[in-house]
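Input: a single structure, listed below in structure tokens.
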Amino acid sequence: MTLQLKTENLNVHLSGRHILKDISVPSLAAGELVGVIGPNAAGKSTLLRSLAGLQRYTGIARLHAGAGAEMQDIARMTPAQRIREIAYLPQQIPQVSSLTVYELLLASLQIAGLSNGAEKDATTISGVLNKLDLGEYAMRPLSELSGGKRQLVAVAMVLLKKPKVLLLDEPTSALDLRWQVEVLNLTRRYLQEHNALALIAIHDLNLALRQCNRLIVLNDGEIAADCASRELDSEVIRRVYGVDARIELCSNGDPVVLLTAVETGASQSVVEHMNMMEKQ
Amino acid sequence: MSMKAGPDYISAYRHLNWRRSFLLFLIAASISLSFLGDIVTGPAVLSAGDLLTGIFDGSSLSRAESVILYQIRLPDALIALAVGAALGLAGVETQTVLNNPLASPYTLGLSSSAALGAAISIVFDISIPGVAEWISLPFFAFIGSLSAGLAILLMTAAFGGSINTAILFGIAIVFLSTALTAAIQYVATAEATQLIVFWTIGNLTRAGWLEVGVVSAVVLLVLPFCLRDVWQLTLLKGGEEQASSLGVPVKRLRLKVILRTSLLAAVAVCFVGTISFVGLVGPHIARLLLGENHKYLIPGAALSGALLLSLASIVSKSLLPGAIIPVGIVTSLIGVPIFLLLVLTQKRAHL
């Protein structure tokens, strides 16, 4: 049996509010890059935190980590097991301090229990840093890095552990255009090379449509849609975000979301006006 | 795009660490010098040469000289180092776990509550039967500082908000315990009041060999536990969310640190009283020199604290000829401008 992650009736209550309501995600498999989209406060981060074992939940969230492993409830895994298999990238980017990039990564290896002597650690770290083009920053303190570079360092911290499941909470929020695409390309390549899967909370619908092969749309703690990226219905976007949008294929065949109008009183009346014109 | 291989990093990292070891050695060397300076300064005019030979060969001194050296100068100079190290250690750990550059035993109210705990036990004559005062007094001080530390953890957890608010709760605790200590003085005997005043303003001159032994023992006992957590503390500097997602038990770490720092603050306060700013400034000096890798920062902060208090002790004996100003006054006077400087520079580095 290969890598598999699924949830059944996952519920999360946070200080009296029902944040996630009966989330059932049937069987995510190796190689899948799943975009978790939805408006603010839809529960995207909470879903990822639950799957990372950082948020208490009721219901079922199970992981089968691949050959030789058993199907296990994420809440019942030992912290050591969980940290080895699942990596979570928080929304907050690493804070400014005089800690050097190299030492932060070295500390990550140590804490994850993956340190293997100075030489091997250095090789592991250099491999990840080179992938993210961070080599020249290795010995610099985090305080000298821009927000975007620090977000890349956070990505490096996640990849360093070679996990089976990547849970990335808005990994591209501070990145420029090139690195938004680059990080997602890198993630896809990682999934292929390591037979892993990833869930990625993301606001940029176009980036999600193009890069993810599956999309889970959350709205107010419920799953509004769970489909292959190419099958995303513009009706779902309209309902969930309250905007008028079309999904079209651009000249090279990739889907693009076009925002036509925001559903406010004004645009409503325009639509009504148009309808009346049609009838006449 | 510059590609670098593992060996490049190893040599760069080794170089960085070699530099840090050298800086640690420099601080230690400065401590030896300051220690000698501390021994040869004092109201009684004694020749430095005589005293220094006296350390190694007691018989070369007159009886009076020998009393001054062994009963006054040496214990005072040694307790300055031990208390300085305790405060530096406590300061750096609280700054890291509370993620606040202004945290220290003094600014969090641990010191003032330790003094309150000790004062309550003296004034109301609370003691543990069959236990000597040099154990029971630090114990009650520890109860005081630990209550303050736990209160800060509970308040930051309950009221949510950023961990930055910890320092505001700390200030509230300073006000509260200072007020309570002042209130207690009304019912205290003249003798007890004198002790309470001693605790409110740090003073090295009451310490003897027993006190030196107790404070040093506590520092040496706590240090290995701090060193065991260096990677967790280092990773925490990258941010709390990042650290806990990588498996650092942040809440437990915070609790452990509060336990350790309360103990350090308690023994320091019991035997020399409240000393401000050493626990705040010591870690910053270490951080400036050594960076945030706690493997170096923790010993560095302990050494910097020791050096600072030793220097302050020399100043306290040389300002007024023939008199010793309580060292707590000196650290406050020097500490306040440094504290303001820290506040201003931290603000610029978006605190």
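Chain naming here is simple, since letters A, B, ... match the order of the sequence lines and numbering starts at 1 in each. This one's a predicted model, so the numbers in the text were calculated from it and none came from an experiment.
Between the CD1 atom of B:I338 and the CG atom of B:L280 there is a distance of 9.0 Å, given to the nearest 0.5 Å.
Contact annotation for B:L236: only backbone heavy atoms (N, CA, C, O) come within less than 4.5 Å of a heavy atom of chain A. The contact between A:K161 and chain B is made entirely by side chain atoms (from C-beta outward), counting heavy-atom distances below 4.5 Å. A:L104 touches chain B through backbone and side chain together, each having a heavy atom under 4.5 Å away. Interface remark: A:Y102 contributes side-chain atoms only to the contact with chain B (heavy atom separation under 4.5 Å). With a 4.5 angstrom heavy-atom cutoff, A:E103 touches chain B via backbone and side-chain atoms both. Contact annotation for A:R49: only side-chain heavy atoms (C-beta onward) come within less than 4.5 Å of a heavy atom of chain B. Contact annotation for A:I93: only backbone heavy atoms (N, CA, C, O) come within less than 4.5 Å of a heavy atom of chain B.
When B:A12, B:S244, B:G247, B:S245 are compared by the number of non-hydrogen pairs under 4.5 Å with chain A, B:S245 comes out ahead. Ranked by heavy-atom pairs shorter than 4.5 Å toward chain A, the options B:L297, B:L16, B:L235 are led by B:L235. Note on A:S108, A:P79, A:A52: by heavy-atom pairs under 4.5 Å with chain B, the leading option is A:S108.
A donor-acceptor contact shorter than 3.5 Å links the side chain of B:T107 to the backbone of B:L102.
Between the side chains of B:N17 and B:R20, at least one donor-acceptor pair of N or O atoms lies under 3.5 Å. Side-chain atoms of B:Y13 and B:N293 include a donor-acceptor pair closer than 3.5 Å. Residues A:S173 and A:Q91 have side chains that never bring a donor and an acceptor to within less than 3.5 angstrom of each other.
Taking 4.0 Å as the cut-off between side-chain N and carboxylate O, A:E136 and A:K149 do not count as a salt-bridged pair.
Ring pair B:F277/B:Y106 is tilted by interplanar angle, where 30° to 60° counts as tilted.
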